[in-house]
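Read through the structure below, which is laid out as structure tokens, and then see the notes.
When reading the values below, keep in mind they use all heavy atoms of this one structure, side chains included, and skip hydrogens, waters and symmetry mates. Bear in mind that the values here come from a model prediction, so they are computed numbers and not experimental data.
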Amino acid sequence: MDARTDSIRDLAVPLESDVFLRSLLRELAGTLEKVVGLDEASGYISIVGSAMGEHIDGAYRRALQVETLSRDQVGEVLVDLKRRIEGDFYILEEREDRIVFGNRRCPFREHVLGRPSLCMMTSNVFGSIAAENLGYARVDIEQSFAAGDAGCRVAVYFTPKETAEPDAREYFRREE
């Protein structure tokens, strides 16, 4: 290699796989939000989140050697999966009908700011895992970094409401 190549290699350019992928997802979400609108962009990202939830759920069930996760395991798995992807989710409140999570660090980091459609990843991964194991889930992202909040607050309910909530999304166990 010549001196010009070595000097380029040593430059302090903030480009590595993780940052690149987070930036890529941010730009993809932003493009979708601009081209098709926030609701449609959220819908597209929901499809991906649902598929990811299915894969993650299967991985945890295989690792735990169980056919379905218990309600307690669902809460532990949701916190653990976010930890593994460098989020900082924790349980704020746990009742028979719901678990409310807080979050101090988004896995997308600063790339989530102004991209609320990316929150559909959390909604769909949480919702699909909870519904697949417990039969039903309703996820309400009450606060988010994407919306400019200081943290996230995500409620996962295990029983349906009689009237639909406009900001909550419902998930049901897949029929085989």
Looking only at heavy atoms, what is the nearest atom pair of [X] and [Y], with distance?
X    : Y    : answer
F145 : R104 : CZ-O, 3.4 Å
V154 : F126 : CG1-CD2, 4.1 Å
E86  : R22  : OE1-NH2, 3.4 Å
L113 : R26  : O-NH1, 2.5 Å
E142 : A155 : OE2-CB, 3.6 Å
P107 : I85  : CB-O, 3.4 Å

Run the side-chain donor-acceptor check on residues 42-50: report pairs under 3.5 Å with partners two or more places apart or on a different chain.
residue : atom : partner : partner atom : Å
S42     : OG   : L38     : O            : 2.9
S46     : OG   : S42     : O            : 2.7
S46     : OG   : N124    : ND2          : 3.0
S46     : OG   : R169    : NH2          : 3.2

- Query: How far apart are the C-alpha atoms of R71 and I99, what are their side-chain angles, what is the distance that settles it, and do they pass the side chain to side chain contact (heavy atoms under 4.5 Å, CB included) test?
  - Reply: CA-CA 10 Å; R71 192 190 153 297; I99 300 175; 3.8 Å; yes
Look at the side-chain heavy atoms of Ile, Leu, Val, Met, Phe, Trp and Tyr, link any pair under 4.5 Å apart, and say whether [X] and [Y] land in one connected group.
X    : Y    : answer
L25  : M120 : yes
L81  : V139 : yes
L21  : L118 : no
V100 : Y171 : no
Y136 : V125 : no

- Query: Would one find more than 12 heavy atoms of other residues, nucleotides or ligands at under 6.0 Å from atom CG of D97?
  - Reply: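 More than 12 within 6.0 Å, yes.
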- Query: Counting heavy atoms not belonging to F172, are there more than 12 under 6.0 Å from its CZ?
  - Reply: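 Yes.
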Rounded at 0.5 Å granularity, tell me how far [atom1] in [X] sits from [atom2] in [Y].
X    : Y    : atom1 : atom2 : answer
R173 : T68  : CZ    : OG1   : 7.5 Å
R138 : F158 : CZ    : CZ    : 10.5 Å
R115 : F108 : CZ    : CZ    : 12.0 Å
C119 : Q143 : SG    : CD    : 11.5 Å
E33  : D39  : CD    : CG    : 10.0 Å

- Task: Keeping the roles fixed (side chain from E16, backbone from V19), state whether a donor-acceptor pair exists under 3.5 Å.
- Result: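 Judged by distance alone, yes, a pair lies under 3.5 Å.
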- Short side-chain to backbone donor-acceptor contact, N103 and R105, under 3.5 Å: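 Such a contact is found between N103 side chain and R105 backbone.
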Could you tell me whether the side chain of [Y] reaches within less than 4.5 Å of the side chain of [X], counting heavy atoms only?
X   : Y    : value
E54 : S128 : no
K82 : T122 : yes
Q73 : Y60  : no
F89 : L78  : no
R83 : D80  : yes

- Query: Between E132 and R174, is the closest basic N to carboxylate O distance under 4.0 Å?
  - Reply: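 Yes, this pair counts.
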- Message: side chain to side chain contact (heavy atoms under 4.5 Å, CB included), that's the test. Do L92 and R153 meet it? Break it down for me.
- Response: CA-CA 9 Å; L92 281 170; R153 182 179 169 94; 3.5 Å; yes
- Task: Would you please test R61 and L69 for side chain to side chain contact (heavy atoms under 4.5 Å, CB included) and show each step?
- Result: CA-CA 7 Å; R61 287 192 282 145; L69 301 173; 3.9 Å; yes
- Any chance you could lay out the side chain to side chain contact (heavy atoms under 4.5 Å, CB included) test for N133 and V77, step after step, and finish with the verdict? CA-CA 12 Å; N133 290 283; V77 161; over 6 Å; no
